[in-house]
Enquirer: 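The structure under discussion is supplied below as structure tokens; questions concerning it will follow.
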Amino acid sequence: MPSQSRRASFPKVVIERDADSEESSSEEEVEDDDVQTEEEEEEVAEEPENVVKVEVVSGSKKRERAPITISLKKVCKVCKKTGHEAGFKGATYIDCPMKPCFLCKMPGHTTMTCPHRVATEYGVIPAPHKSTYNSLNYIFARQLRPNIPRIKPAFVIPDQVNCAVIRYHSRRVTCLEFHPTNNNILLSGDKKGQLGVWDFGKVYEKTVYGNVHGCILNNMKFNPTNDGAIYSASSDGTISCTDLETGISLSLMNLNPDGWQGPSSWRMLYGLAINTEKSLVLVADNFGYLYVVDVRSNNKLGDSILIHKKGSKVVGLQCNPVQPDLLLSCGNDHFARIWDMRRLEAGSSLYNLSHKRVVNSAYFSPHSGSKILTTSQDNRLRVWDSIFGELDSPSREIVHSHDFNRHLTPFRAEWDPKDPSESLVVIGRYISENYNGAALHPIDFIDISTGQLVAEVMDSNITTISPVNKLHPREDVLATGSSRSLFIWKPKENFEIEQPRDEKKIILCGKAEKKLKKKLEGDSDDDFDDDAFSSKGKKPKTKKPYSKSILCKSKSKC
DNA sequence: AGGCCATGAAGCC
DNA sequence: TGGCTTCCCTGGCC
């Protein structure tokens, strides 16, 4: 932001006094810049809530004087100090300059001027071969490189909403999974423990199974030997195996057989992984322990093993796609850890990948299994280029806004399983951007080999944050879970061949559905699409995206 | 429209 | 270690 406009947003203190009052008191610590000029007096009149009346007593003379009115026009909501203001200005959020940068967490600047915001790859450590430049590299670069085609294929970005189910779940979506063989089936878990099965090819074929878990469905994975069943781990302390046709669940393990005995004993399951070679389901809890279940016998194998700091949540588990005995875990003790499943015991991890904050997710790359990608609450994606190489520090750290944990499902950067170069990942963005007057939260596609932002996708009608994203294993399709709704994105070119843009397939659920039905009964001219997308029906009646005034009304906190 | 609340980590003592 | 406060660009409901 130019310094001019930033200065203009700074607050002003006004001192008003009666005409007969004498010279100003020296006790008032008001900078010249902050004294309101006459032209701005009208503005003050509009904001009477900020007016503070102060009795000024000069020296020992306790003379009756008219009260001096000080208008504290702007008080920062973040640091509670005057002299500046933080919050929305239209669709743009202004940071508190007294706090470290909201994006990169470094002091001295705000998000607006953060170098990571200007260039997403700022500060990314270059690949090692670039820093060891020798004559051979020189010859290669000059003579050979121009003849070598780009190894990386062009990324295909699903950037248009193709279909959606609005308010499908009764609570926010926590995880998504594509069916391993049926290209059009998307599974979704929610905070209530329910499981959604949606055929987005047929659009209207959708079910939500309500009795899968008692509370948050944290993670799920398909049964590798039966793609009609899915395993899920929940904060109710159970692992369920649910039949997708009937919705009937079988409980594999229950960590709270005696029910609620207080928070200190209630165990919740977060991470879930499957070792296909050994037919094992692995889960981890909120106290740092790992449990192994043999799915052939449904028996728990051995004792639970402490794999993270005692008492800390283990939020992610994954078996290496090439070498299933390699296990990757991550959790709230700020570590991602690599284990050899053949000798699993407390403290026996092969490597500990340290982070500055909680680690939301850690994944091996989908094909070679040799890279590791983590998402941490310190607003950084970390990449380790090879698990066979140096693991003491990550190969790359990419600053990206995703540090919101409370109230939202944690953000997790997900690999594109179709990318042979294992460099494209998708992750939702927390911080909003101003898109033609609308504050939207895009979904980012990042090339983790360079840190560059390949694409940011958004729809003017999706105003909620989209922390849950999954790329299709075979098709150019992105699935998004945003609040209680699901969205399917496809590339624009495919989309236009398939159907015209105004024939989006949108389904409404719950109250929104009832509201629409009522509306349609009363007024058949109502535009379906407009209301279908809008969660609160606050959209303007025009076909255009949000007008600034509408957005300011609903979003601005000025 | 405004208030409330679910909810969780970090930091302090 | 444990209890308390703070954080303060959420989303949904009443």
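To find a chain, count down the sequence lines: A is the first, B the second, and so on, and within it residues start at 1.
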Enquirer: Would you indicate what A/Ile465 reaches in the nucleic acid, counting non-hydrogen atoms under 4.0 angstrom: base, sugar-phosphate, or nothing?
Expert: sugar-phosphate
Enquirer: Please determine, for the side chain of A/Ile431, which listed nucleotide (C/dC13, C/dC7, C/dC9) has the closest atom?
Expert: C/dC9
Enquirer: Of the nucleotides C/dC9, B/dG8, B/dA10, which one has an atom closest to the side chain of A/Lys313?
Expert: B/dG8
Enquirer: Rounded to whole angstrom units, what separation is found between the NE2 atom of A/His169 and the P atom of C/dG11?
Expert: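 Atom NE2 in A/His169 sits about 17 Å away from atom P in C/dG11.
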Enquirer: May I ask you to verify if any side-chain N or O of A/His334 is less than 4.0 angstrom from the OP1 or OP2 atom of B/dA9?
Expert: no
Enquirer: Can you tell me the pairing partner of C/dT1 across any strand shown, Watson-Crick or G-U wobble, with both distances under 3.5 angstrom?
Expert: none
Enquirer: Among side-chain atoms of A/Asn352 and A/Arg337, is any donor-acceptor pair under 3.5 angstrom?
Expert: yes
Enquirer: Could you check which of C/dG11, C/dC9, C/dC13 has an atom nearest any side-chain atom of A/Arg484?
Expert: C/dC13
Enquirer: Quick one: on DNA chain C, does A/Ser483 or A/Tyr93 contact a more 5' nucleotide (nearest heavy atom)?
Expert: A/Tyr93
Enquirer: Of all the nucleotides listed (C/dC9, C/dG11, B/dA6), which has the minimum atom distance to the side chain of A/Ser432?
Expert: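 Per side-chain heavy atoms of A/Ser432, the pick is C/dC9.
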Enquirer: Among B/dT7, C/dC9, B/dA10, find the nucleotide with the atom closest to the side chain of A/Arg357.
Expert: B/dA10
Enquirer: Name the nucleic acid region contacted by A/Lys191, choosing base, sugar-phosphate or nothing; use a 4.0 angstrom heavy-atom cut-off, strictly under.
Expert: sugar-phosphate
Enquirer: Describe the nucleic acid contact of A/Tyr430 in one word from base, sugar-phosphate, nothing, applying a heavy-atom distance below 4.0 Å.
Expert: sugar-phosphate
Enquirer: Show the nearest heavy-atom pair for residues A/Lys221 and A/Leu317, with the distance to one decimal.
Expert: NZ-O, 4.0 Å
Enquirer: Can you tell me how far apart CG (A/Asp403) and CG (A/Asn379) are? Round to the nearest 0.5 Å.
Expert: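 Answer for the CG-CG pair, A/Asp403 versus A/Asn379, is 4.0 Å.
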Enquirer: Strictly by modelled atom types, are A/Thr375 and A/His402 linked by a side-chain donor-acceptor pair under 3.5 Å?
Expert: no
